[in-house]
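Single-structure report; data block below.
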Amino acid sequence: MPAAQAISAAARRVPLWLVWSAGLAPVPWLIWQAATGGLGVEPLEALEHRLGELGLQLLIASLAVTPLRRHLGVNLMRFRRALGLLAFTYVALHLAVWLALDVQTLARAGEDILKRPYITVGMAAFVLLLPLAATSTDRAVRRLGARWRQLHRLAYPAAVLGGLHYVLLAKGLQLAPLAYLAAILALLAARLRWPAARRA
Amino acid sequence: ALAGRGQAAEGPEGLEPNTWEEITTYNNFYEFGTDKADPARHADAMTIEPWSVRIDGLVERPGDYALEDILSRMTIEERIYRFRCVEAWSRVVPWNGFELADLLEVAGVRPAARYVAFETYLDRSEMPGTRLPVLDWPYVEGLRLDEAMHPLTIMATGIYGRDLPPQNGAPLRLVVPWKYGFKSIKSVVRITLTESEPPTAWNKANPREYGFYSNVNPEVDHPRWSQATERRIGAGIFASREPTLMFNGYAEEVADLYAGMDLTENF
């Protein structure tokens, strides 16, 4: 596939610092927007939602790396760690904004985590991402060996819970949260090796 | 009880209205999309002229009432009301409008009537949000007759002395200040007096989360979030949440309507 090869070759020339800068660019942009009225009359909600969406988008991007290589021959493996860590960064910022600016007290946050399924689910997704972020260094990869790959499969349930978190908080039947969850499930399905299909 | 209509009109004292921008750029009007900015973006497409309201059901004089004819018979006054959304945000709106009771009087309510049903305008070509079954269109709402006849219940035609913008439910919408905002149905094209409780849009979509009454009540949580506190629109990103008031601060005027009712059961 010449197109896949061309994309892979072009991707090899993209420096990682560029991926990081582009990935983090929304942070100063959102702060600037929030400070200057660009997020509308209820900037907190806009900020919270935007950070959450970016977290999910980057999580989806990181989950797309393996299927892209396996099924389309597009190799973006060298960006995967950055995409995963960027996703974690936005999920953590989303949580921090919710905690500090929205619910505002630990007591209320604790009550919400226990009582509100969509928050329980979102919190669980964050907790699952923690060991992944903590073991993202080269040293951790070397030290953990085969167990690193096993551990990092936690990204799958984390993504599903993140998508579910969005679906559960929507009022009425809305398209965007269902589209995110569908994308996550599709990317996980693309990893499965279908024994029946191979036998046929 | 009410000291008098003039006083009730002011609502709880010390209310400072939100700005025009805060009231007209952050709206829920799902017919135009589910994003808060969608109604301000798309609602201009709604045909609001000419406008008429069909008043039917258990009334003496059913028919299509042209908006001009309605307005020529009503006294428009200002009502500064708290507005509390079920999503736990709030604002204060200086509505212009008339009492729903006065309009119902024009049509003549028959003694058998117990409830009032309302319906929102629906034109799918003008309302991009209706392409998806977010709710069962058209949007419908309902009140018990005594709630509808209450002097705090108004049909709004304006904000800040200006015509109601389409995103806020032009040209005519219900405002029931002690209930969650979704009860205050927008762009009303039909009012039907009925004997039994009418279906309501959000109750049909999710009866576990949205009851027929939907009175603002800090003690009865929405299944997915607390209703004890609210965020005031325009207060800024670092503002504290404010405590939500029973019946949105109108308990003195409306608590009697629900005497003896279990408000947890009838949420």
Side-chain angles (χ1 to χ4, degrees), chain A residues 30-53 93 96-123 164-180, chain B residues 18-28 30-31 33-38 40-41 85-91 128-137 139 180-182 201-202 204-206 209-210 221-226 228-242:
Chain A
L30 284 169
I31 292 172
W32 167 255
Q33 293 263 90
T36 56
L39 294 180
V41 297
E42 178 56 342
L44 176 59
E45 188 204 26
L47 185 63
E48 211 172 275
H49 288 182
R50 198 70 205 101
L51 290 170
E53 272 167 13
L93 286 171
V97 167
W98 170 76
L99 190 61
L101 301 180
D102 191 346
V103 290
Q104 299 173 346
T105 69
L106 278 175
R108 264 203 299 254
E111 196 186 317
D112 273 0
I113 291 166
L114 293 176
K115 274 175 71 177
R116 322 271 168 220
Y118 83 92
I119 294 179
T120 317
V121 161
M123 202 63 204
L164 195 60
H165 168 69
Y166 193 8
V167 168
L168 287 176
L169 68 85
K171 264 174 70 206
L173 185 68
Q174 295 192 30
L175 195 60
L178 293 171
Y180 277 87
Chain B
N18 280 83
T19 64
W20 174 262
E21 193 203 352
E22 286 160 2
I23 295 167
T24 61
T25 62
Y26 186 85
N27 307 95
N28 280 325
Y30 278 13
E31 284 86 335
T34 50
D35 191 275
K36 295 288 187 292
D38 282 338
R41 259 199 294 265
C85 179
V86 73
E87 297 164 359
W89 53 264
S90 69
R91 60 185 167 220
T130 58
R131 275 181 242 137
L132 294 169
V134 180
L135 289 168
D136 180 14
W137 318 110
Y139 195 92
Y180 292 120
F182 68 86
W202 278 103
K204 281 194 288 179
N206 195 338
E209 298 188 354
Y210 308 99
D221 283 348
H222 183 279
R224 285 183 285 153
W225 54 83
S226 164
T229 61
E230 61 202 45
R231 285 188 50 80
R232 173 84 188 266
I233 298 297
I237 207 157
F238 299 111
S240 295
R241 301 185 75 93
E242 292 173 16

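Everything quoted here is computed from the prediction, not taken from an experiment.
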Would Q104(A) and T229(B) count as a side chain to side chain contact (heavy atoms under 4.5 Å, CB included) here? Give the steps. CA-CA 11 Å; Q104(A) 299 173 346; T229(B) 61; over 6 Å; no
Where is the tightest heavy-atom contact between V41(A) and I233(B), given as atom of each residue plus distance?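 Smallest interatomic distance, heavy atoms only, reads CG2-CG2, 3.7 Å.
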Measuring from T34(B):OG1 to L173(A):CG, what's the distance to the nearest 0.5 Å? 10.5 Å
Against chain B, label L47(A) side chain, backbone, both or neither, depending on which of its atoms sit under 4.5 Å from a heavy atom there. side chain
Residue part contacting chain B, namely of A35(A), when any heavy atom lies under 4.5 Å: neither
Interface moiety of [X] toward chain A, non-hydrogen atoms closer than 4.5 Å:
X       : value
N28(B)  : side chain
D35(B)  : neither
A235(B) : neither
I237(B) : both

D102(A) and R231(B), any side-chain heavy atoms less than 4.5 Å apart: yes
More than 12 foreign heavy atoms under 6.0 Å from CH2 of W20(B): is that the case here?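 Enclosed.
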Is the count of non-hydrogen atoms from other residues, nucleotides or ligands lying under 6.0 Å from L106(A) atom CG greater than 12? no
Residue, of Y210(B), Y30(B), W225(B), that accumulates the most heavy atom pairs under 4.5 Å with chain A: W225(B)
So which residue, E22(B), R232(B), R241(B), E21(B), ends up with the most heavy-atom pairs under 4.5 Å with chain A?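 Most heavy-atom pairs within the cutoff with chain A belong to R241(B).
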Y26(B) backbone acceptor or donor facing E42(A) side chain under 3.5 Å: no
For R224(B) and L168(A), indicate whether the former's side chain and the latter's backbone hold a donor-acceptor pair under 3.5 Å. yes
Option from H222(B), E209(B), E87(B) for which side-chain contact (heavy atoms from CB on, under 4.5 Å) with K171(A) holds: E87(B)
